Number of protein chains: 2
Amino acid sequence: MIDARLITLRVFARCGTIGATAELTGYSPSAVSAQLRELQRVLGMQLLTKDGRGVRLTATGRFLVAGSDPLIAQWESLRAAAMEAGDQVQPHFGIGGFSSAAAQLLAPLAATLRSTRPELEVQVLEADPARCFDLLVAERIDLAVIVAMQSDSYGEDDPRFEQTVLLDDPLDVIIPGNHPLASRSSVTLDELASEPWITEAAGSTYHSLFTAAFTAVGVTPRIAHEAVEWETLIAFVGAGLGVGLLPRLAPLHGADNVVRLRITGKGKPARRIVAAVRRGSITSPLIQESLGILQANADRILTARLEEEDH
Amino acid sequence: MIDARLITLRVFARCGTIGATAELTGYSPSAVSAQLRELQRVLGMQLLTKDGRGVRLTATGRFLVAGSDPLIAQWESLRAAAMEAGDQVQPHFGIGGFSSAAAQLLAPLAATLRSTRPELEVQVLEADPARCFDLLVAERIDLAVIVAMQSDSYGEDDPRFEQTVLLDDPLDVIIPGNHPLASRSSVTLDELASEPWITEAAGSTYHSLFTAAFTAVGVTPRIAHEAVEWETLIAFVGAGLGVGLLPRLAPLHGADNVVRLRITGKGKPARRIVAAVRRGSITSPLIQESLGILQANADRILTARLEEEDH
DNA sequence: GATAACCATGCAAAATAGGTGCATGATCGA
DNA sequence: TCGATCATGCACCTATTTTGCATGGTTATC
């Protein structure tokens, strides 16, 4: 119920360029430019200034954007309370999450909602955590599932969002099936210290988890290969190129020559998966229901994962 | 920056009928109907129900309207703060007031603003106090000048408005120029107890002031005639039909055979004139400036009135 | 109990706001 | 200097919104 042009301005405050704002909101750059100009005209405020080949928020613009945070939150809160009090159903629901969450958690959630609320139009967007926050601001999605990142530009206390922990997803070790330890059900990271490791490129979300896990046990692993997708990582391991860490949420789905081992000992790495919503909307019945479904699914998957892969 | 359809819903909550909402907002009834239907569709809430030949808010609708009060206030507050912080100028400014206020206070205010802020488009609407509040809700005007009414449906602490006292406008007595007391400069109400009085129809704003003035001194005046406009009242007095009470703010502008006398004694009736704005907007520089101009003008008129009419 | 007044709404047509795509100009990095 | 990037203006188009009138249902009046 907040004017779309103000939302656009808020997205611009995140992106810094008209083009990126257009991409994120789904408009064309011309439309964003026109919207922001119109916003300035209606409000009688100068919100943007030319800055080199781009534009930049004025002090007034920054002030307005910052001040609009509680406004958005209050609207979300009101909307949620009205939905709850009136037992109403909203027509559209957008959810977003990073790759493994999208596949493992969001897809089942969408399926469940589709059956329990047939009239609800659910849209799922796969996007990395940073983009998920942007999509929340842009109101393209209403709920995001992300991995908690300490180095994130979105703090826990950001006035725009509310976050709740969904689960701590433990990292397992995957090793080739013909590896000497393959018959074990669990290992310690020490036992694999001398193995060639496969990880993601330095700087990625996963890589920081990787290093954190080994610094916890005081071991410096040798990084032999790099992969981006879990699929690739699993294939590398299956080909005997090395060993790797795989979140328990990520499925092996019958990969050849790969076994998953639980990690024991003092280094028990895990990635924290949290759900994020726009502040104020947390009490919405639809979001509450979704959080419940997500958590139930997560628990179910985590407990079932090891059993099903151990035949 | 709040969606126009929510504003329309808020106006409807005041009026109760689509037609009245249309009249107040400036839309056609069909447009209002379509807007409210669209609002329900977008929010996924049922806000209206059929009720006889009209429609009525549902519980959800009432909840939403009540809850939107602080939302509007917060936006107004943010807007005002941004205007102040950024030294910006808004393009449009609507002011409204009842007849004598419109002529005596709003017209000069508009003229002043026109010269000090040439780029500002000022619109003046004459409307009775109740309608002024509705126009504020409908965002047709940003500032209203009204007479404070205890019997008003808009309390002093209404979450939608903020009110500041502009002035206490004393009521003077006007009598025919050939009346025995015409040479006096002031009278008490007791001295005029036996005169035939001219007032407005019972139930009007002015009438309650009239009766309050006389109950304060314990006299029951004889009401001989009724008039609606000050013009008419003055003409009646000039024709020798009786005497009347005239706010000092209302000008005689050279009426024949009429003199204005100050009232002394314990019964010193006055009408309280207050400025009302949407809650949150009181800190807006434009509104602050306007309030200052209004108050200065009011003081100037009040002090000048008696002198100029005493030649 | 019939008639008139009132109220909301559906529909077709018109108006208008808003969006797209391309071209342009300006700026920055190589 | 050249190419890349970015914002914006313009012409065209789309889609939303509004209007005016007609309709159906409801209440008040006589």
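All heavy atoms count here, side chains included; hydrogens, waters and symmetry mates do not. In the text below, chain A, chain B and the rest are named by the order of the sequence lines, each starting its count at 1. Keep in mind that what you see is a predicted model, and the values were worked out from it rather than measured.
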Taking every non-hydrogen atom, the tightest pair across B:Val32 and B:Ala22:
CG2-CA, 3.6 Å
With a 3.5 Å cut-off and no angle check, do the side chains of B:Gln46 and B:Thr58 form a donor-acceptor pair?
no
Atom CG of A:Asp3 and atom P of C:dA17 are separated, to the nearest Å, by 14 Å
Could you state the interatomic distance from OG1 (A:Thr60) to CG (A:Leu48), rounded to the nearest 0.5 Å?
10.5 Å
B:Arg53 meets the side chain to side chain donor-acceptor pair (under 3.5 Å) criterion, sequence neighbours left out, with none
Please answer whether the main-chain N or O of A:Ser284 pairs with a side-chain N or O of A:Ser281 as donor and acceptor at a distance below 3.5 Å.
no
Which atom pairs link the protein and nucleotides 21-24 of chain C when you take only N or O atoms and keep those under 3.5 Å?
{"unit_1": "C:dG21", "atom_1": "O6", "unit_2": "A:Ser30", "atom_2": "OG", "d": "2.9"}
{"unit_1": "C:dC22", "atom_1": "N4", "unit_2": "A:Ser30", "atom_2": "OG", "d": "3.4"}

Nearest to the A:Tyr27 side chain among D:dC6, C:dT20, C:dC7, which nucleotide is it?
C:dT20
So, with a heavy-atom separation below 4.0 Å from DNA chain D, the residues of residues 31-57 of chain A are A:Ser33, A:Arg37, A:Arg53, A:Gly54, A:Val55
Those residues at least two apart in sequence (or on a different chain) that pass ring-ring contact (aromatic ring centres under 6.0 Å, His included) with B:Phe210 are B:Trp197, B:Phe214
So, the side chain of B:Gln88 versus the backbone of B:Gly86: is there a donor-acceptor pair under 3.5 Å, distance only?
yes
Whole angstroms only, please: what is the CD1-C1' distance between B:Ile18 and C:dC7?
9 Å
Under a plain distance cut-off of 3.5 Å, with no hydrogens placed, do B:Glu84 and B:Thr283 share a side-chain donor-acceptor pair?
no
Restricting to pairs with a member in residues 64-82 of chain B, which pass side-chain hydrogen bond (donor to acceptor under 3.5 Å, both in side chains), not counting sequence neighbours?
B:Arg10-B:Ser68, B:Arg10-B:Asp69, B:Glu76-B:Arg278
For A:Arg56, is the CZ atom crowded, meaning more than 12 foreign heavy atoms sit under 6.0 Å from it?
yes
Bend across the helix from C:dG1-D:dC30 to C:dA30-D:dT1, to 10°, with axes taken over 5 pairs at each end?
30°
